[in-house]
Amino acid sequence: MPDLVTVSRRGPVALLTLNDPAQRNVLSSRMVAQIDQALTELEGQPSVTAVVVTGAGPSFCAGAELSTLEQAADGDFTLVRRVYTGFTRFMSTPLLTIAAINGPAVGAGLNLALACDIRIAADSARFVPRFAELRIFPGGGHTWLLSRAIGQQAATMALLSGRTWDGRQATEAGLAAQCVPRERVVDAALALAGHVGELEAEYVRRLVSVLRSVPLLLDHNQALEIEAEHQHWSIQQPAFRRGLARLQQNLRARNEARA
């Protein structure tokens, strides 16, 4: 039986591929378990700074299996909650997460994309909530995820009207940071992650953690104190000394050129 999740390494960057193209990469129980296992293993590797997630075949992720939803309709909500782990796991990992959305991201699959720190959309991507179409209430924190990405007003209009976005529309709406041709979407995400990979892994993990938490803070003073703690740590690291020395050297060279 083939793995439903495959992982390859590009230096400090991992590429995690949802690998069930025949089923449009639905978040089955087995795939969810393999996502959790893959991220746990990557987190245990100190050199890893970022993970790019994409889908095999033409789809990014079609969300939950219809049989899971039917089982919930019959009174057993257990599998639906298990599906949540398929995307919330990307929110809890200390690694920077980048979604390379190669095709349709539907329902819980859209949640997976929204759970990532950065989204790169292919021109073939589709962002499809589908909740109103099925008359099922949004789940997995979708209202929060979507409102955080595009604002409450736009999220309200989208969820009530059944709005969908293609890659370019998603970029214009703020759902994605960039739209590229489908054949370039994974390479674009890996290139972005590669630039991040030049930074020290602990620095990246700390910065990602704070960036995720600040939208939940009540005021600037809370952010100031949290940042001060991490800034104090960073100033004591050898990497800061090296960066400071490079800056001083560049300034001396600039001053000498002006003289």
Side-chain angles (χ1 to χ4, degrees), residues 24-27 52-55 59-64 69 72 77 80-81 83-93 96-180 182 185 188-189 192 207-224 226-227:
R24 299 185 300 147
N25 304 317
V26 294
L27 292 171
V52 171
V53 57
T54 194
S59 293
F60 176 71
C61 178
L69 300 179
F77 206 68
V80 170
R81 290 191 178 277
V83 167
Y84 294 169
T85 307
F87 51 86
T88 58
R89 191 63 180 80
F90 286 89
M91 300 176 68
S92 64
T93 180
L96 174 70
T97 55
I98 302 176
I101 306 163
N102 54 300
V106 182
L110 175 54
N111 280 355
L112 195 160
L114 291 172
C116 292
D117 299 302
I118 300 171
R119 291 168 291 281
I120 306 297
D123 50 14
S124 58
R126 295 292 182 272
F127 294 69
V128 187
R130 190 160 284 173
F131 298 107
E133 178 184 343
L134 290 175
R135 300 301 193 269
I136 183 174
F137 201 87
H142 179 79
T143 55
W144 184 84
L145 288 166
L146 188 63
S147 295
R148 184 181 64 164
I150 62 176
Q152 181 181 349
Q153 178 174 250
T156 301
M157 293 173 60
L159 288 175
L160 290 175
S161 67
R163 170 73 191 272
T164 66
W165 301 262
D166 62 25
R168 297 194 182 282
Q169 292 168 335
T171 304
E172 293 170 358
L175 281 170
Q178 185 181 5
C179 181
V180 299
R182 186 187 188 283
V185 67
L192 176 60
L207 183 56
V208 166
S209 174
V210 171
L211 284 168
R212 290 175 184 167
S213 67
V214 289
L216 308 179
L217 301 180
L218 297 177
D219 58 39
H220 174 262
N221 286 332
Q222 288 181 305
L224 188 152
I226 291 173
E227 289 177 358

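The two atoms that bring A115 and M91 nearest to each other are CB-CG, 3.3 Å, heavy atoms only. Considering every non-hydrogen atom in both P104 and S59, the closest pair reads CD-CA, 3.9 Å. The shortest heavy-atom contact between G86 and L27 is CA-CD2, 4.5 Å. Minimum interatomic distance between I101 and V185 (heavy atoms only, all atoms of both residues): N-CG2, 4.0 Å. Scanning both residues, G167 and A121, for their nearest heavy atoms gives CA-CB, 4.0 Å. Closest non-hydrogen pair, F137 versus F131, comes out as O-CD2, 4.1 Å.
Here the straight-line distance linking atom OG1 of T97 with atom CD1 of I118 works out to 8.0 Å at 0.5 Å rounding. To the nearest 0.5 Å, atom CZ of residue F90 and atom CG of residue L112 are 5.0 Å apart.
Remark: R89 pairs with D36, E43 by the salt bridge (Lys or Arg N to Asp or Glu O under 4.0 Å) rule, at least two apart or across chains. E133 pairs by the side-chain contact (heavy atoms from CB on, under 4.5 Å) definition with R130, not counting sequence neighbours. Scanning for side-chain contact (heavy atoms from CB on, under 4.5 Å) contacts around T156 gives Q152, L160, with sequence neighbours left out. Applying the side-chain hydrogen bond (donor to acceptor under 3.5 Å, both in side chains) rule to R126 yields no partners; only residues at least two apart in sequence or on another chain are considered. Taking R212 as the reference, D117 meet the side-chain hydrogen bond (donor to acceptor under 3.5 Å, both in side chains) condition, with sequence neighbours excluded. Judged as a side-chain contact (heavy atoms from CB on, under 4.5 Å), and not counting sequence neighbours, the contacts of L217 are V214, Q222, A223, I226. Applying the salt bridge (Lys or Arg N to Asp or Glu O under 4.0 Å) test to E172 and every residue at least two apart in sequence or in another chain returns nothing. The side-chain hydrogen bond (donor to acceptor under 3.5 Å, both in side chains) test applied to N25 returns no partner, not counting sequence neighbours. By the side-chain hydrogen bond (donor to acceptor under 3.5 Å, both in side chains) test, T54 pairs with N102, sequence neighbours left out. Here A62 pairs with R24, V26 under the side-chain contact (heavy atoms from CB on, under 4.5 Å) rule; sequence neighbours left out.
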Quiz item: After noting the C-alpha distance and the side-chain angles of L114 and F127, does the key distance pass the side-chain contact (heavy atoms from CB on, under 4.5 Å) rule?
Solution: CA-CA 10 Å; L114 291 172; F127 294 69; 5.8 Å; no
Quiz item: Going through the distances and angles, do I150 and L175 end up as a side-chain contact (heavy atoms from CB on, under 4.5 Å)?
Solution: CA-CA 7 Å; I150 62 176; L175 281 170; 3.7 Å; yes
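Screening residues 150-175 for ring pair (Phe, Tyr, Trp, His ring centres under 6.0 Å) gives no qualifying pairs among residues at least two apart or on separate chains.
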Could you give the side-chain donor-acceptor pairs of residues 139-147 under 3.5 Å, partners two or more places apart or in another chain?
| unit_1 | atom_1 | unit_2 | atom_2 | d |
| --- | --- | --- | --- | --- |
| H142 | ND1 | N111 | OD1 | 2.6 |
| S147 | OG | T143 | O | 2.7 |

